[in-house]
2 protein chains.
Amino acid sequence: MTAQAYETVIEEIESMIRSKRLKLGDRLEGERVLADRLGVSRTSVREAIRVLSTLGIIRSAPGSGPSAGAQVIADPEIALSASLRLHVAVDSLSVGDVIDARVMLESWAYRQLEQLPDDVLAPARELLDAMDATDDPVEFHHIDTQFHLELVRLAGNPLVNAIMSSLRASIESYVLDAAPHLEDWQAIAARLRAEHRAIVAAIGEGDGDRTASLAEGHILAFARDAGLIAQPG
Amino acid sequence: MTAQAYETVIEEIESMIRSKRLKLGDRLEGERVLADRLGVSRTSVREAIRVLSTLGIIRSAPGSGPSAGAQVIADPEIALSASLRLHVAVDSLSVGDVIDARVMLESWAYRQLEQLPDDVLAPARELLDAMDATDDPVEFHHIDTQFHLELVRLAGNPLVNAIMSSLRASIESYVLDAAPHLEDWQAIAARLRAEHRAIVAAIGEGDGDRTASLAEGHILAFARDAGLIAQPG
DNA sequence: AGGTATTGTGTGGTCCAACCACAGCCTAGT
DNA sequence: ACTAGGCTGTGGTTGGACCACACAATACCT
């Protein structure tokens, strides 16, 4: 079984990255040059670049000048989001699995926190105020997402951030579909706002365990309200 | 900004999946037919299929008969593994980040376990015996990987399984590179074997917290020995 | 009639040669 | 000195050709 042509191109590029001949921000050779050098067609080179592009490793743009060409980037979320979204769509992963994983990530993140400088919570508090200021469920949800991402970011693990972001993105459409069917949005929004403030307060007190516990209840309760997971019992 | 041709193909296929016109195991139309139907070139269709293939959604094979053609599959690991591996290579993610995430996953998985039927630990115990039977660090590591995956699998969350598997795969080359440089492999292997058995025993007792704690120490200690993360203090 | 080569057919895999759209650069003309 | 136009090289797209493959149907020989 000979490797497929586009695979040899990927291997070459990956090899250049591992050996540091290619670093973040560098530009690749042109597609035609690379094809010629590796003895494959431009089509195969393009397939390889397309793959690396969906993996968040390369970004390519037409035109000329500094912004053009294929460039090495580093966006781990691209592949994670796309993959999770599609696998939820084919029912290979369930929304419940994703929510459980999200609870795991957030609980972990909050337990990592300790003695933070006070001002690091300022962005989160601004998002709290923004959530107070809106009555639109969709806008509320978007700010809610930013809020949770902001808190997880405090743990400082970029991989966890990327996974967290991808998890939310993969089930966003399900959450938004469920929103209009909620019984009493005003009441639910009020509860979510209160829970958010309690979580921020717990972080401010440096109580990681309590924060994690609050977050778990907060996430699971809304998921039940939205019909995304079964009622307990 | 019009969507690129291959993106419209992906959207069409994703739409077919969401509307259940395409389910797991189904075969796609031929590339030529799909290209004609969507009014794009076969090249663009192929790029789309290649992307979905790296996302673990589609598998395609040449030839004829039941095994040929493009088929909807569900392998979440493909994209996760490839993406993580490359992002570690470009230093957009560090080995330490990956190890921390792995500790998070395993700790969570073990805390989920409760009152298991006794025989579910049989496969894990067999892997323990297999690890006893080898002196080769590389083979040991492979069985070690299977062992940890087997334990995490008991938690029953396929998404967590996929992430766990991908995390290990993404740093495997670093672990294997470090193996020959270990001071005293025999002593380390003996300690790993003992720790493994302690973990299995703790699971058998239904003590999730203790299992998680043992696993965390086990993982971090070896990572330090292998020079993958800094010494404490 | 049974088994065995052979051909046929449709699949994905690869390649080529052209052309398009784009964006910066450079030059000619004012 | 400035502006408008063309130049050049980038990725994006297309059509058509051919290959390797794997199965299915057929023809063939025994």
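The sequence lines fix the lettering, A, B, ..., with proteins before strands; numbering per chain opens at 1.
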Pair A/D119 + A/R125: basic N to acidic O under 4.0 Å: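 No, this pair does not count.
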Electrostatic pair A/E172-A/R85, nearest N-O below 4.0 angstrom: no
Using whole Å, report how far [atom1] of [X] lies from [atom2] of [N].
| X | N | atom1 | atom2 | value |
| --- | --- | --- | --- | --- |
| A/I58 | D/dG12 | CD1 | C1' | 16 Å |
| B/E47 | D/dT14 | CD | P | 10 Å |
| A/R59 | D/dG12 | CZ | P | 11 Å |
| B/E31 | D/dG15 | CD | P | 15 Å |

Minimal non-hydrogen separation, A/S166 against A/E77, with atom names: OG-O, 3.6 Å
Considering all heavy atoms, the nearest B/V98-B/S170 contact: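 Taking B/V98 first and B/S170 second, the nearest heavy atoms are CG1-OG, 3.9 Å.
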Per-nucleotide protein contact string for nucleotides 17-25 of chain D, where B marks a base within reach and S marks sugar-phosphate only (heavy atoms under 4.0 Å, - for neither): BB--BBB--
For DNA chain C, the residues among residues 48-57 of chain B that have a non-hydrogen atom under 4.0 Å from it: B/R50
Answer whether the closest heavy-atom distance between the side chains of [X] and [Y] falls below 4.5 Å.
| X | Y | answer |
| --- | --- | --- |
| B/S15 | B/E11 | no |
| B/I73 | B/I58 | no |
| A/L151 | A/L121 | yes |

Cut-off 3.5 Å, side chains only: do [X] and [Y] have a donor facing an acceptor?
| X | Y | result |
| --- | --- | --- |
| A/R50 | B/T54 | no |
| A/H196 | A/D144 | yes |
| B/R168 | B/T145 | yes |

Sugar-phosphate only, base, or nothing, as touched by A/T43 at under 4.0 Å among non-hydrogen atoms: base
Most 5' of A/V40 and B/L28 on DNA chain C, judged by nearest nucleotide: B/L28
Chain A footprint on DNA chain C, 5' to 3' - any atom under 4.0 Å from a heavy atom: C/dG13 to C/dG24
Greater than 12 external heavy atoms within 6.0 Å of B/K23's NZ: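 Atom NZ in B/K23 is not packed in, count stays at 12 or less.
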